[in-house]
Student: 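So that we are looking at the same thing, I have put the structure below in structure tokens.
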2 protein chains.
Amino acid sequence: MALSTMAPKAFIQHQNLVEQVADYLTQAIIQQHFLPGERLSEVQLSKDLGVSRAPVREAARLLESRGLLISKPRRGFFVRALNAVEFEDVFDLRLCLERHAIDRLAERYSVEAQRALEQQVEVLCEAALGNDETRRIEEDLQFHRLMLHYAGNERLLKAFDGLTHELRLCIALITKTHDAPDTIATSHFKLLEALASGSSAVCREAIDYHIGVARKFVVRGVGEPGELGSQESQR
Amino acid sequence: MALSTMAPKAFIQHQNLVEQVADYLTQAIIQQHFLPGERLSEVQLSKDLGVSRAPVREAARLLESRGLLISKPRRGFFVRALNAVEFEDVFDLRLCLERHAIDRLAERYSVEAQRALEQQVEVLCEAALGNDETRRIEEDLQFHRLMLHYAGNERLLKAFDGLTHELRLCIALITKTHDAPDTIATSHFKLLEALASGSSAVCREAIDYHIGVARKFVVRGVGEPGELGSQESQR
DNA sequence: CGACTGCCGACTGTCGACAGTTTTACAAAC
DNA sequence: GTTTGTAAAACTGTCGACAGTCGGCAGTCG
């Protein structure tokens, strides 16, 4: 067999049914095939996907932990609905994490990190010129993931990853976030400049501005508060 | 019936088996009945607890999302082991969240928030005098939960709650964190003073000091890096 | 005509079982 | 003694099924 020529990491995707179902559900929610607040029937999903209820349940639990679904005991799972306050909260938390990250990163800004970020900005700019909105968003998020990664705190990155699921939901709920390509480029270049300067204050100002722009784009157009968004405290 | 005199919220606790199993597992891990890195057998747990494997699996998934367990495909669940770096990361993230929270809280410091926090400090001081170490930790965490809550960002609080599970694990892995009662008291009173001052800089200094002390107490005595702690990136 | 009560359908929570895979134990060969 | 190959045992991933519960609807009483 020619297996030796392949990447050492497992290529045969042993992708669990759970992950497949989770991916399917995530896409369906992001693309609004399920409306916010809608109830998801486990049996219906099992039938549609041709699997049993066990993986569907586990996938739903996974999406619940990611904030895309809400579980109500003996009632089932509902698609998370976000009101304006929750929108603000998500972006505020993002600001919190990224402020900290850029601060840490400025302290330990290696050439490796610099090159990786510059390269990602190029990829992002290229994506911004194309028509694929989804890819643009993903490359944008990837840039920020890299920032968090090189900040040197994996737990911080994990928290950010947890937030990105909701972030994608926020972005998806707004039909148009299409910035002009040059806006995207300069906005990210400013972050690189700030990092290169090494100044904590400059970095903070840059990230505040950067996220402030994104927030403004998204928050505009959010209407009524949905009542399904906030799960009550569980202690 | 005298039901009308009781709280309107549901009294009969519909506690799922999943939650019960999750609580049991959490306690067992915190109290080190399961050692870090140890493999958990689903069938064994089902037999021990007298339930089927389904709720055990779901509870394990829940604890995985909380960072107390690690799942390896086709291998099962393992108790999370934390190395020194991960310890630092947890406290660094905590610092990140609480810095942001105290900043937000200082902007909107209501008398209601002030009274709630002061009351909680009293409860904490009382707990510090007793012998119940667990209760002291819980009351301490509860104080910080209140801070996050009154900061006005529920998503921030949720992130903190997610972190507290790992935080408890960190604390549990250290045998002695026993601060003197007066240290605990003054440490928290300083936070109240800082909030009352309304100065962002003062607040930041106070929270940095507060968490710095806690971190020092915990990080000391962490030895070898455990290999099970870091799950590789999944994208 | 409105409110309450009991029943019905649908669904979730839980269970036991089967198939495929990983681990372990053991024997054989170098 | 170390390594390799094989087989059994244990375990996870998945499935179908049953029981208890929830929401809605019809029937009944005031």
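Order of the sequence lines sets the chain letters (A, B, ...), proteins ahead of strands, with each chain counted from 1.
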Student: Where each residue is assigned the nucleotide of DNA chain C containing its nearest heavy atom, which of B:Arg39 and B:Val51 is assigned the position nearer the 5′ end?
Tutor: B:Val51
Student: With a 4.5 Å limit on heavy-atom distance, are the side chains of B:Ser65 and A:Leu62 in contact?
Tutor: no
Student: What is the distance, to the nearest angstrom, from the CG atom on A:Asn16 to the P atom on C:dG20?
Tutor: 17 Å
Student: With a 3.5 Å cut-off and no angle check, do the side chains of A:His100 and A:Asn153 form a donor-acceptor pair?
Tutor: no
Student: Roughly, in whole Å, what's the span from CG in B:Leu17 to C1' in C:dG16?
Tutor: 15 Å
Student: What orientation do B:His144 and B:His210 show, parallel under 30°, tilted 30 to 60°, or perpendicular over 60°?
Tutor: tilted
Student: Which part of the nucleic acid does B:Leu45 contact within heavy-atom distance under 4.0 Å: base, sugar-phosphate only, or nothing?
Tutor: nothing
Student: State whether A:Phe78 and A:Lys72 meet the cation-pi test: NZ (Lys) or CZ (Arg) under 6.0 Å from the six-membered ring centroid, and within 45° of the perpendicular axis.
Tutor: yes
Student: In whole angstrom, give the distance that lies between atom CZ of A:Arg57 and atom C1' of C:dC15.
Tutor: 12 Å
Student: Between P on C:dT12 and CZ on A:Arg74, what's the gap in Å once rounded to a whole number?
Tutor: 11 Å
Student: How close or far is atom P of D:dG13 from atom CD of B:Glu58, stated in whole angstroms?
Tutor: 13 Å
Student: Nearest whole Å is fine: how far is D:dG13 C1' from B:Phe77 CZ?
Tutor: 11 Å
Student: Using a cut-off of less than 4.0 Å, is there contact between a side-chain N or O of B:Arg75 and OP1 or OP2 of C:dT23?
Tutor: yes
Student: Figure out the CZ/P separation between B:Phe78 and C:dT23, and round it to whole Å.
Tutor: 8 Å
Student: Could one point to a donor on the side chain of B:Arg53 or the base of D:dG13 with an acceptor on the other under 3.5 Å away?
Tutor: yes
Student: Mind calculating the distance between CD (B:Glu42) and P (D:dG13) to the nearest angstrom?
Tutor: 6 Å
Student: Does a side-chain N or O from B:Ser52 land closer than 4.0 Å to OP1 or OP2 of C:dC15, or not?
Tutor: yes
